[in-house]
Amino acid sequence: MKHRLLLPVILALAILGGCASSRPSDSADQQPFVRVCIAERSSEITLVLPPESVMQTATQRFSMDGFHELRCALEDDGAMTVYMDGREARNLRGAFRCFPRGGEHGFGFEDRSYSDTLLVASDGEGLYLVNILPLERYLRGVVPEEIGRNRTPEELEAARAQAVLARTYALRKIALPLTRLFDVYADERDQVFPGAGQRDDITDVAVEQTRGMVVAFNGQLAECYYHSTCGGRTEASSLIWKRPQSQPWLTGVRDRGPDGDFCRISPNYRWTELYSLPALDRMLREYLPAANDAIMASDLPADNWHLLDLNIISRMPSGRVATMQVVMGNRARQRAYYVHGDNIRKLFRRGDEQLPLRSALIDIDIERDEHRWIRQVRIKGGGAGHGVGMCQWGAIGRARAGENFRAILGAYFPQTDVLKLY
């Protein structure tokens, strides 16, 4: 059977995960543990302690009963000074763990709660806070953040598909070399994890009903991605991220049913952004270097250097822009800059928070004055996210249309199987 190729890896990870935490798994199926980076490169970390908790170093274990707050400060020499309720307690190097002795209470950090084990570590230049917990418990926090809370019963299959994908993604990260301090970030760099106590009824059911299930290709964990809204068609990973070749299941698919695109129900299915020339000039100076590593900030003069034109040079099969030309300069001198693939989203920002453009599936309409200078630019777009893998709003649309989670995953990741590992 295909899944036999995966079982030795998963069992080894489960054993290592159990050793990483001083608390046992909450199940007898030897699910692996995951190490989630909550904070990094901090100079100070403060934890609110549960009623009964323990601090463990490499050689000793200390009860923290009766204390309410632990503060860890990084010293100039890379060591850590630990303060208990404001009083200096000990000086340490390397790392230490904190875990509750029992009960359902968790540790507090920056207005959020975290269960199981917390690892505080110094690399000599900054402090890291890592939450170590069983994979299935981690997924109960991740899935509602990724597929959305308060999904209806008719959308359960989309939540189940999301649970399988989130588990597959995490297991691939766990399988990387163990010399790393953590496996995944708790934010959009990997999967959003809000800590303990942020549960949702429908997604809890989805995680439990798909327990141990993953997406696999030829018996191996498949490289899987997902995004909010494809706008009608997903795209090949090689084109979006300029890779040599896409995996067979990441080549892009049409996401259309008998009644239209499945993700047409998304609030980001179609949208428009409007930019004035001064806003674009400021934006380009700030974000062109981030969108193309070959462009330096010094390449963009601060004065008398304006946007002159935007040209879509080529598109991907999905309609997303593959190459965009940005022409800047003045009457005497001009220069063309080029931005490719998903980096186009880094170039154009939106809102007060300067969020990336929703998608690279765009058309551009330029309004000029009588002298041909740009007045404003209107970007009409479709979708949200990079466009690779599962379209989350498309999955919701498919679930409403009666597809089960296996059919949903098969539609977005052709040639793959859903396997149960534990």
Side-chain angles (χ1 to χ4, degrees), residues 2 146-148 155-169 172 191 210 213-271 314-322 340-342 344-345 358-363 381-419:
K2 290 182 178 179
E146 295 293 352
I147 198 64
E155 298 165 349
L156 173 61
E157 295 302 313
R160 294 174 77 186
Q162 180 67 71
V164 174
L165 276 184
R167 185 180 295 107
T168 306
Y169 182 93
R172 281 180 56 87
Q191 302 183 126
T210 63
M213 294 183 185
V214 297
V215 179
F217 179 78
N218 287 340
Q220 302 294 329
L221 288 172
E223 179 186 10
C224 293
Y225 303 96
Y226 52 88
H227 58 281
S228 169
T229 309
C230 71
R233 183 182 174 91
T234 66
E235 191 53 86
S237 59
S238 59
L239 298 179
I240 292 291
W241 295 313
K242 288 293 181 181
R243 295 177 177 177
Q245 184 176 357
S246 294
Q247 300 287 6
W249 60 93
L250 291 177
T251 55
V253 297
R254 188 77 172 98
D255 194 29
R256 190 173 181 84
D259 298 323
D261 294 339
F262 283 108
C263 66
R264 68 189 183 279
I265 57 177
S266 167
N268 291 314
Y269 178 62
R270 295 291 183 262
W271 46 264
S314 62
R315 292 185 183 272
M316 306 175 199
S318 65
R320 288 171 174 80
V321 176
H340 305 280
D342 202 48
I344 290 168
R345 297 172 57 214
R358 290 177 177 87
S359 167
L361 181 60
I362 60 173
D363 287 311
H386 47 65
V388 177
M390 188 181 83
C391 170
Q392 291 168 310
W393 275 103
I396 293 170
R398 288 175 179 272
R400 291 180 183 178
E403 292 189 18
N404 65 33
F405 78 99
R406 293 178 184 272
I408 292 171
L409 292 171
Y412 292 111
F413 305 102
Q415 304 182 51
T416 62
D417 301 310
V418 175
L419 302 181

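A salt bridge is absent between Asp342 and Lys242: the closest approach of a Lys/Arg side-chain nitrogen to an acidic carboxylate oxygen does not fall below 4.0 angstrom. Salt-bridge annotation for Arg398 and Asp255: present, with a side-chain N of the basic residue lying under 4.0 Å from a carboxylate O of the acidic one. We find that Arg254 and Glu235 are not joined by a salt bridge, their nearest charged nitrogen and carboxylate oxygen being 4.0 Å or further apart.
In this structure, Arg400 is not positioned above the aromatic face of Phe262 in the sense of NZ or CZ being under 6.0 Å from the six-membered ring centre and within 45° of the axis.
When all heavy atoms of Ala161 and Ile408 are compared, the pair lying nearest together is CB-CG2, 4.0 Å. Shown here for Gly232 and Cys263, the closest heavy-atom pair between the two residues is N-SG, 3.7 Å. Across every non-hydrogen atom of Ala399 and Ala158, the tightest pair is CB-N, 3.7 Å. Shown here for Ala384 and His227, the closest heavy-atom pair between the two residues is O-CD2, 3.8 Å. The two residues Ala395 and Met390 make their nearest non-hydrogen contact at CB-SD, 3.9 Å.
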Practice task
Go through the steps to decide whether Glu223 and Leu250 satisfy the test side chain to side chain contact (heavy atoms under 4.5 Å, CB included), and finish with yes or no.
Solution key: CA-CA 8 Å; Glu223 179 186 10; Leu250 291 177; 4.3 Å; yes

Practice task
I would like to know whether Arg345 and His386 meet side chain to side chain contact (heavy atoms under 4.5 Å, CB included); could you show each step before the answer?
Solution key: CA-CA 9 Å; Arg345 297 172 57 214; His386 47 65; 4.1 Å; yes

Practice task
Check step by step if side chain to side chain contact (heavy atoms under 4.5 Å, CB included) holds for Leu165 and Phe413.
Solution key: CA-CA 11 Å; Leu165 276 184; Phe413 305 102; 3.5 Å; yes

Handout entry: side chain to side chain contact (heavy atoms under 4.5 Å, CB included) between Val418 and Val214, intermediate numbers included
Key = CA-CA 6 Å; Val418 175; Val214 297; over 6 Å; no

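Trp249 has its ring centre less than 6.0 Å from the ring centre of Phe217.
Residues Arg320 and Arg315 have side chains not in contact (no heavy-atom distance under 4.5 Å, counting atoms from C-beta outward). In this structure, the side chains of Met213 and Arg167 come closer than 4.5 Å at one or more pairs of heavy atoms. Counting only heavy atoms from C-beta outward, the side chains of Cys224 and Tyr412 never approach each other to under 4.5 Å. Under the 4.5 Å side-chain criterion, counting only non-hydrogen atoms from C-beta, Ser237 is not in contact with Gln247. Between Ile362 and Trp271, the closest side-chain pair of non-hydrogen atoms falls below 4.5 Å. Residues Ser318 and Thr234 form no side-chain contact, since every pair of their non-hydrogen atoms from C-beta on lies 4.5 Å or further apart.
Of the inter-residue distances, the one linking Thr229 atom OG1 with Arg270 atom CZ reads 10.0 Å to the nearest 0.5 angstrom. Here Cys230 contributes atom SG and Asp261 contributes atom CG; the two are 6.5 Å apart, rounded to the nearest 0.5 Å.
For the side-chain contact (heavy atoms from CB on, under 4.5 Å) with Arg160, the lone residue among Thr210, Ile147, Leu409 that qualifies is Thr210. Screening Ile240, Thr251, Val388 against Ser246 for a side-chain contact (heavy atoms from CB on, under 4.5 Å) leaves a single residue, Thr251.
Side-chain N or O atoms of Ser266 include one that pairs as donor or acceptor with a backbone N or O of Asn268 at under 3.5 Å. For the pair Ser359 (side chain) and Gly382 (backbone), a donor-acceptor distance under 3.5 Å is present. At least one donor-acceptor pair closer than 3.5 Å links the side chain of Glu157 to the backbone N or O of Phe405.
Residues Tyr226 and Gln191 bring a donor and an acceptor atom of their side chains to less than 3.5 Å of each other.
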